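Everything on this sheet refers to the single structure shown next.
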Amino acid sequence: MGIFAKLFNKNSEEVSSKNVEDFVSLTRVYFQSVIAANLGITNIRFVPDVANFKRLFKIPTQGGRLGQAEKTASRKMLMQDYGISENFFKEIDASVKKHCRTQNDVQGYLFMYQGFSNDLMMLMGNLMQWKFRMPSIFKGALRSMTEKTVHEVCTKAVWKKDDVHKTAMTVRQYKERLGYSEQWMTEYVYNIVMLAKKEPKKKADGQEKA
């Protein structure tokens with residue numbers, strides 16, 4: 001199940017401006033910005049991705065509130081560069097508002113979201129192996145297949161392989177606890193898949209095993 005494992009590890013190599021690493025990082029910046037703005041966090045070390053983003057793009061603090069300007073800037077980049085929908089952000093806002101009522105809730109929430117993100121991508125990589133090899137020109141078909149597979153993950157009662165069944169049940173539990181929809185999951189997975197397809201293959205021996 002390791003097709004997407006490398007996507008969540010830091011890569012020291014230079015990468016292009018639109019890639020998986022930047023997309024995942026920008027999503028984390030948005031999450032942390034919403035948390036900082038909602039809870040009135042003033043210690044920037046509490047939101048490390050926001051700190052890096054703020055320093056990189058020289059974003060001034062808006063109205064004395066950490067997170068406000070960073071939230072707007074990361075949201076704008078995700079919409080313009082990656083075509084992310086308005087609803088994607090609304091679901092994040094609602095989830096964070098519900099689960100992060102105090103600063104003590106934040107670490108647990110972000111840990112749970114990271115587990116959800118990692119398990120979801122590992123599972124989709126396993127279930128959609130050959131489909132991910134489709135040329136990028138078939139974007140509509142790939143999106144439909146992604147949507148169909150996400151729906152199965154969220155509704156199918158029994159899977160043949162034990163590890164797939166276990167991970168699917170875990171993803172479903174994360175989904176219910178965090179409050180994300182199938183649409184949100186589809187948009188997140190689809191964008192990572194399309195970006196991964198555009199990235200150059202680093203080594204010939206990195207072929208996935210059946």
Side-chain angles (χ1 to χ4, degrees), residues 1-31 49 52-53 56 74-89 91-92 113-156 159 161 163-164 167-168 170-172 174-175 178 180-210:
M1 293 177 67
I3 292 176
F4 282 97
K6 64 178 183 290
L7 303 184
F8 298 96
N9 293 326
K10 268 289 181 190
N11 196 326
S12 59
E13 297 178 25
E14 292 277 333
V15 286
S16 62
S17 59
K18 288 176 68 174
N19 56 71
V20 172
E21 180 69 29
D22 281 356
F23 175 72
V24 173
S25 294
L26 273 173
T27 305
R28 282 201 306 263
V29 169
Y30 186 81
F31 267 96
D49 289 292
N52 291 334
F53 180 74
L56 182 63
S74 58
R75 182 175 177 276
K76 184 178 180 182
M77 286 184 191
L78 283 163
M79 292 182 85
Q80 288 184 347
D81 294 348
Y82 303 96
I84 299 302
S85 71
E86 189 81 37
N87 197 57
F88 186 86
F89 302 103
E91 290 202 27
I92 293 175
Y113 169 75
Q114 192 61 43
F116 173 56
S117 172
N118 287 356
D119 282 354
L120 175 62
M121 291 310 305
M122 296 280 220
L123 183 61
M124 294 297 286
N126 190 331
L127 297 175
M128 294 184 67
Q129 289 177 6
W130 69 267
K131 296 166 188 172
F132 286 164
R133 299 191 197 107
M134 289 177 62
S136 296
I137 56 169
F138 298 113
K139 288 194 283 190
L142 191 53
R143 176 135 194 159
S144 295
M145 290 174 186
T146 304
E147 189 174 7
K148 182 173 181 284
T149 307
V150 165
H151 180 67
E152 287 181 351
V153 167
C154 295
T155 58
K156 191 172 177 178
W159 299 83
K161 293 183 179 178
D163 60 334
V164 172
T167 308
T170 301
V171 167
R172 201 178 300 183
Y174 278 135
K175 172 189 178 293
L178 292 166
Y180 290 107
S181 67
E182 291 181 28
Q183 289 75 22
W184 190 94
M185 293 163 68
T186 298
E187 187 163 7
Y188 184 72
V189 172
Y190 172 75
N191 275 278
I192 288 181
V193 170
M194 291 304 292
L195 290 165
K197 287 172 77 64
K198 292 174 184 175
E199 290 186 354
K201 300 293 180 288
K202 298 199 168 46
K203 290 180 182 178
D205 60 3
Q207 295 172 354
E208 69 247 31
K209 296 172 185 173

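All values derive from a computational prediction rather than experimental measurement.
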- Task: Please identify each residue that fulfils side-chain hydrogen bond (donor to acceptor under 3.5 Å, both in side chains) with Asp49, with sequence neighbours left out.
- Result: Arg28, Gln32

- Fit a plane to each ring of Tyr188 and Tyr113, take the angle between them on a 0 to 90° scale, and name the class: parallel (under 30°), tilted (30 to 60°) or perpendicular (over 60°). perpendicular

- Item | For Arg172 against Cys154, the heavy-atom pair lying closest together | NE-O, 3.4 Å

- With sequence neighbours excluded, what pairs up with Lys156 under the side chain to side chain contact (heavy atoms under 4.5 Å, CB included) test? Trp159

- Note on the structure: OH of Tyr30 to CZ of Phe53, rounded to nearest 0.5 Å, is 12.0 Å

- Query: How many angstroms lie between CE in Met185 and CD in Glu91, if you round to the nearest 0.5 Å?
  - Reply: 10.5 Å

- Write down the atom of Thr186, the atom of Glu147, and the distance for their closest heavy-atom approach. OG1-CA, 3.6 Å

- Which residue, Thr27, Val24, Leu120, Thr146, forms the side chain to side chain contact (heavy atoms under 4.5 Å, CB included) with Ile192? Val24

- Separation between CD (Glu21) and CG (Leu26), nearest 0.5 Å, reads 10.5 Å

- Message: To check you understand the geometry: which heavy-atom pair defines the closest contact between Val29 and Ser74, and what is its length?
- Response: CG1-CB, 3.8 Å

- Message: As an exercise, state the distance from CG of Leu195 to CZ of Phe23, rounded to the nearest 0.5 Å.
- Response: 7.0 Å

- Message: Test of understanding: with ring-ring contact (aromatic ring centres under 6.0 Å, His included), list the residues that count as partners of Tyr174, not counting sequence neighbours.
- Response: none

- Message: Can you give me the closest heavy-atom contact between Lys175 and Ser181, atom names plus distance?
- Response: CE-C, 4.2 Å

- Item | Results of side chain to side chain contact (heavy atoms under 4.5 Å, CB included) for Glu86 - residues two or more places apart only | Arg75, Met79, Lys90

- Not counting sequence neighbours, which residues clear salt bridge (Lys or Arg N to Asp or Glu O under 4.0 Å) with Arg143? List them please. none

- Message: I need the minimum non-hydrogen distance between Tyr180 and Ile92, along with the two atoms involved.
- Response: OH-CA, 3.7 Å

- Item | Listed partners of Glu187 passing side-chain hydrogen bond (donor to acceptor under 3.5 Å, both in side chains), at least two apart | Ser85

- Task: Name all residues meeting the ring-ring contact (aromatic ring centres under 6.0 Å, His included) criterion together with Phe88; count only those two or more places apart in sequence or in a different chain, and write none if there are none.
- Result: Trp184

- Task: Working to the nearest 0.5 Å, report the span between CG of Asn126 and CG of Asp163.
- Result: 6.5 Å

- Please tell me if the side chains of Asp22 and Met77 come closer than 4.5 Å, counting only heavy atoms from C-beta onward. no

- Partner residues of Glu152 under the salt bridge (Lys or Arg N to Asp or Glu O under 4.0 Å) criterion, sequence neighbours left out: Lys148

- Has the side chain of Thr149 got a donor or acceptor atom that lies under 3.5 Å from a matching backbone atom of Met145? yes

